[in-house]
Amino acid sequence: MSNMIIQNYTADIISQRKAAASSNDPSIAALKVGAKPLQPKGRLIPSNMWESTKYAVKKPFQEAKFFVDAAQGKGNDYSIGRINDLGLKLGSLGIAAILAASAASPFKKGMEFVGFATWFGSMALWPKLVGSAVKLTKGFDPNQKYEDSYGRVKPFFQDPQYICWELYDNDKLNEVGDKLGIPTNIENREGAIRSKMQQIATQSNTWTMLTAGFATPILSSLLADQLGSRVFDPAVEKFMIAKARRGFEKEPSLNKDFLSDIDVTLKNTPYITEGAKDNLIKKISSSMLGTKLDDEVGKELDHLFDGASDRIKITKDLYGKVDNLLGVTANSETKKMLREFIKGQLADGTEAFLTKKEFSRFLKKVVIKSTPVKDIDKSVLLKTVANGVFTDSREIEIPEHLYDDFRNLYKVSGTYYDRKKHLLKFLSATLNDVDGSATANNWKKASSPLVKALGFSNDELQILANQKTPAKAADDIVTRRLKKIVSSPEQSAEAIKGIVKFYSASTAKDMKLAQEAMRYIDGTEELTLKQLRQLEQLSGKRFGTLESGFIRSLNSDRTLVANKVFNTHLSFSRPITAMNILSKISDGTDPDIMNLVKEVYSPVDLADKQKVSNVSRMLKDIVFNNEDASSFFNKFEQYDLLKPKDKEGLSRLMDVLFAPLKPEIRQHLSAEVADQIDDSNLIMKVLYSSLENPIKPELNMTSFDELKKVKNVKLLEMAKDYIGLEFRNDSDDTIKKFWQYLSDNGKFKDFFVLLKQEASDVGELEKHSDKFVDFFKKNAARLWWQTGQKVEGNTEMVKELTQVVNSSMSGFKRFTINDATMSAGLGLVDFVKKAASDTVSYKIWLKRAGMAAAVLTGVTAIGIALMGRKNKFNTDVYEYKREGVNNNAK
Amino acid sequence: MQVSSINNNLGAVRNQSKSTFGESLTEVYPELKEHQKDELLPDTFSEKMRINKEQLKQLPGYVSRGLQGDPDANFFEFLKITKIPYFIGGPVLALMFLAGKNGNNITARNATNAVTKRIALGVAMYYIAATAAKAVIDIPLKSFRNIDMNQKYKHMVDLRADTPLKLPDNQKVEYHNWLESKDFTNLGLAYNYHKPEAEKINSQFDEIAKSFGVDNKTKLNDSDTVVGEKIKETIAMANGWKYIITAPFVMTGLGLSSQKSFQKIGGDMNGHGIWSAIKGLGNKNKKPKIRFLELKASLSENLKKPIVDSFKELWGAKGIKEGVSRTSKILGRTAILSSLILPAVAISTILAKTSLKNHKFQEHSSDNNGGVQK
């Protein structure tokens, strides 16, 4: 430093002090004696929620300011170091965002943020856990924070060589000392306590650091898993469903591009070239590819131009065009013809018009004169050239109102497309096999309860989960287990209780969502058809192709929805159905089984018992592996059975497979659930039966009992209301009367219309209509004979009736046997295998992760217990106070 | 991050951070022998490697003494220990995904392997990105300003008198970054006390001043004061920017690693990967030239191409990835662009703000009484 500056400085001070000494101004009083040190304003920060939250919220804003300072070269070590926290948080948030953006499903997207939250949560949580354990056992918090005079928040014990002990109250200190077991009668107890606290804090900090690398990922994984399944899955599901629902509340949105294209091409223009027309129609119709109505839409749009006149525009460049199209077949003759023709047509103008006919005639002449080339057929050449020309040169007159009709027709299909899109979104949030959908969650939640309910041992689960296990072995395990369950009422009760847990909730949920989907489908149909009718009225044209296309498409959606629900429901209830069948098999005297044995008899020299056993084996295989029942017509030999008479055999088989629940099983279920299962079995039975092929069996229609059990279509009530008949029993008499009434009053058609209106889904309706058709077909003759009417005269009536029924059923899909199998859900053994695999994988993961967490906790507990003990660095040598001196502790 | 070297050892005041501006080291610490004093170390690569090795050897000692609560276990040791969870955390995370591996289920096993590979690649990219974020500031600073932000100095720390450790002179060696602190920058280490000529005391600062843009012709009397201030500013700016740049870098790194093409790194396991190409180098049946060409091709196919494709996919280039959402594109482009722009902004502002090019120096007469006027 320069002497001069120091001299000046000291001179200034001296003069200031001289001035201050003789002044009475209190503001410069301090200068009299020199500046006093400022009072320190530090404080310990209490470790409670409020302070932590306040701090946590302030933090990022502070850190941002610190960065702004640092970028200008200002700041200190503390503020610069804090920027690291900000960078870390921003970086991790960015990572979560970018991983979420590329994730396939919304569920996976959200899980990225769950991972981010649990990672940082664990990072913050682990030190707190260790700190709390230390606080509990040693009396003080090693993570204690304090705020210094400059407002900087720092860990109290961060640097063992610079601890602001002055902030620690002596009373508190002595309390801690008591907990730590520092003897009270030593010199400088506070110093000893401070040393001990510093030792423990260092040990705790070191321990936390060492274990943090393990604790954070382990805790974070466990947390994310639990959060995922308990909180996140349901939340995502709700969110996606709500989002899909909102889509329906919005006005249908149309493609603005298309609308403007239509305006440009068709509005206020008298003519449109063929090429432009085709492009426009193709553009609009191909957008409907997703709904499989591209064909229909294209056709209908095209039909709007029917009867429009057209003309061919002749311009100079037509020459070049035709010449090019002729290619190698062009010669001087053709060129000459073209030139002259065009010159003649154009005269003095730039364009001329011809009818298509005239032009085509001319073209034909040209092609005739063209050079013959091998492999080029002249008629094909003519077509090619003509089409090539027409694209740009054939102008179609735009009929009056075409613009409006075209636009409106697009609007109708655009509306349909929009609604269909929303429907698909709804389905993928609810019933489709998509990650995070309601159905997918149902299946996820079913695995563990299923294997638990069926009571498999760990070994059995391992075998079932192993893909390499042969099918037979898995089958055996499942069979054995179920047989055991069925043999004991207690076990049956337990198993059924466990299954019902996941079955009821999920089927109820699925049904509700399916009904909602059906409502949307109905709504779409209503809206679209209404719009179409309006358009038809306005334009005076019929759009039958499109209409049937809409209906067809929506019906297939209905079938899809019904199938999906049915699928889940059947799979989930199959264990119970399987138990039912096993119970019947083990009965030994079950009438359904005996009937089947009679139909499907084994070779004569087999004992009855053996016959029953063979048939039982076959039944079990069908049920457990969800085989197509009709395929067993080809497999009877492997069970030592003879091929049955088709109709009878399959009918008896259906009786067994879809039999109502036995009382022993039924008693463990609530009436509602039991009825539901019975209903669905009945539906399966009828689905198998409602076929047009020769295997179709005769339904046993001696009783209306079966119909009575079916919900939704309350036939008898309906008949009661409408016809005013009282049905008290189910004898042939009743049917006779019913039939008579319908026949007397010409009410067949009305009855079927009513059936159609009342049925709430396709499967039901079809089943009942089919039943009635069958019944009427087979019994009409008999009944009429019984009522005294002539058969001959009434075949006409039957024919007419069948026609009416068929036409009212038109558009509804008819199930084939394959469809029946496809809608039959997952086979029992497959279901169990899947559940076992899911459970085993999860168990393995949970076990390993849990063990890691347990080891971590255990070792940490031991570590904490060992903290504060005497060692070579902390010898704990105390100087005890001498006798006689006042030893009163404070 | 206070690097405090105030310790309350009995009697030992040697390592108090006294300012050594203008005072010789021997004046302040007359009783110290040469080897007991702090010393600035060369900023060469081999030196850094040696130091890293030394420091790594000391790490178990830090852990052991920390676990026993040694009062000499200071903040520096604690900072070194924090490297342990940093490097363990990533691999353990990948292992957590592997924990569910069930060898029996082939599909599940393949799926687990694929997921673990994805996580492991992500973890690796995180480390690479974090390192790159620092390098992207350090390297330009070294070349433009001749300042190595990672240059080390040897700090001799006195242990307390009653320590059980038996070390020479009761001191332990710590290797600190010379420019680790802004508040207590140990600029005194750059004085040439062992050079006999008095003018040369500031020679290192003179050199650095030139890198900061001071004209060759200007004769600086107190380059240490001027340069010292600028170095401190540089420390603040460089560290601040490094921490912030980490964010877009790790975002880009992880964004790349989540692309489908990136998973193709290393090639498939069926004998077409990099590893088999490396093994192929030992194949005596083929000419050496061919073996190298094969390795080159393998690297290009299994390392270069996936990386390049991943960049394209992250950018959201049309045609590369079908159906990439708008959000994806925005995030990907933000990450890539900010990773390119921020470092450039950082370096240019640091260089501009700390430049001494147009700085007005007050030249003084030969009695060396000049001060520097800003």
Side-chain angles (χ1 to χ4, degrees), chain A residues 1-2 4-5 67 70-78 80-81 83-84 86-88 90-91 94-95 97-99 101-102 158-162 195 198-200 202-203 205-207 209-210 212-214 216-218 221 462 465-468 837 840-841 844-845 848-849 867 871-874, chain B residues 1-4 6-8 22 63 65-71 73-75 78 81-82 84-85 87-89 92-93 96 99-100 102 104-108 164 181-183 233 236-237 239-241 243-244 246-248 250-251 254-255 258-259 325 327-328 331-332 335 349 353-354 369 371:
Chain A
M1 295 279 173
S2 107
M4 221 159 71
I5 287 186
F67 171 65
Q72 295 166 350
K74 302 190 209 138
N76 52 47
D77 289 335
Y78 171 79
I80 297 170
I83 302 172
N84 190 16
L86 183 65
L88 195 65
L90 282 179
I95 291 174
I98 212 165
L99 290 179
S102 64
Q158 188 175 51
D159 190 348
Q161 296 168 331
Y162 189 62
S195 298
Q198 177 240 292
Q199 175 195 351
I200 294 174
T202 305
Q203 289 175 308
N205 286 341
T206 312
W207 183 263
M209 264 310 132
L210 285 179
F214 298 96
T216 308
I218 293 174
S221 310
Q462 289 283 353
N466 191 342
Q467 275 187 341
K468 298 191 204 123
S837 172
V840 163
S841 312
I844 291 179
W845 179 84
R848 289 181 186 159
M867 283 179 200
N871 55 40
K872 69 177 178 185
F873 293 100
N874 299 282
Chain B
M1 247 171 42
Q2 266 193 338
V3 178
S4 133
I6 301 176
N7 66 46
N8 40 18
V63 171
R65 292 187 300 116
L67 285 177
Q68 294 179 79
D70 183 357
N74 57 13
F75 187 63
F78 182 68
I81 293 178
T82 59
I84 298 178
F87 284 110
I88 289 182
V92 173
L93 179 64
M96 291 309 289
N102 181 1
N104 290 328
N105 192 340
I106 303 173
T107 340
S181 158
K182 179 174 185 272
D183 297 333
E233 282 178 19
M237 294 182 201
N239 285 340
W241 277 108
Y243 294 141
I244 291 296
T246 311
V250 298
M251 200 170 149
L254 271 271
S258 71
Q259 302 302 324
S325 73
T327 329
S328 248
L331 283 172
T349 49
K353 281 200 198 299
T354 57
N369 273 349

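Since this is a predicted model, take the numbers as computed values, not measurements.
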Is T216(A) in contact with chain B via its backbone, its side chain, both, or neither, using a 4.5 Å heavy-atom distance?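 T216(A) has no heavy atom closer than 4.5 Å to chain B.
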At what distance, to the nearest 0.5 angstrom, does [atom1] of [X] lie from [atom2] of [Y]?
X	Y	atom1	atom2	answer
N871(A)	R65(B)	CG	CZ	12.0 Å
Q198(A)	D70(B)	CD	CG	8.5 Å
F78(B)	M209(A)	CZ	CE	4.0 Å

Among [options], who wins on heavy-atom pairs under 4.5 Å with chain B?
options	answer
G91(A), A97(A), A70(A)	A70(A)
A212(A), A849(A), S221(A)	S221(A)
I83(A), I95(A), T202(A)	I95(A)
L99(A), I200(A), N76(A)	N76(A)

Going by heavy atoms in the side chains, are I84(B) and L210(A) under 4.5 Å from each other? yes
Side chain proximity check, I80(A) to Y243(B), heavy atoms < 4.5 angstrom: yes
Counting only heavy atoms not in F214(A), do more than 12 fall under 6.0 Å of its CZ? no
Closest-packed option against chain A by number of heavy-atom pairs under 4.5 Å, given [options]:
options	value
A247(B), G255(B), A236(B), S258(B)	A236(B)
L331(B), T349(B), T327(B)	L331(B)
A335(B), P248(B), G332(B), P71(B)	P71(B)

I'd like to know if the side chain of N239(B) and the backbone of G81(A) have a donor-acceptor N/O pair within less than 3.5 Å.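 A pair under 3.5 Å: no.
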Ignoring hydrogens and geometry, is there a side-chain-to-backbone donor-acceptor pair from T206(A) to V63(B) under 3.5 Å? no
If one checks every heavy atom of L67(B) against chain A at 4.5 Å, the contacting part turns out to be both
Counterpart residues, ring pair (Phe, Tyr, Trp, His ring centres under 6.0 Å), relative to F67(A) (two or more places apart):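 F67(A): ring pair (Phe, Tyr, Trp, His ring centres under 6.0 Å) contacts with W241(B).
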For [X] and [Y], work out which heavy atoms get closest and say how close.
X	Y	result
M96(B)	W845(A)	O-NE1, 3.0 Å
S181(B)	D77(A)	OG-OD2, 2.5 Å
K182(B)	K74(A)	NZ-C, 4.1 Å
Q72(A)	M237(B)	C-CE, 3.7 Å
N874(A)	Q68(B)	ND2-O, 2.9 Å
V92(B)	I218(A)	CG1-CG1, 4.5 Å

Got a sec, which residues hit side chain to side chain contact (heavy atoms under 4.5 Å, CB included) with L86(A), two or more places apart in sequence or on another chain? P60(A), E63(A), A64(A), L90(A), I244(B)
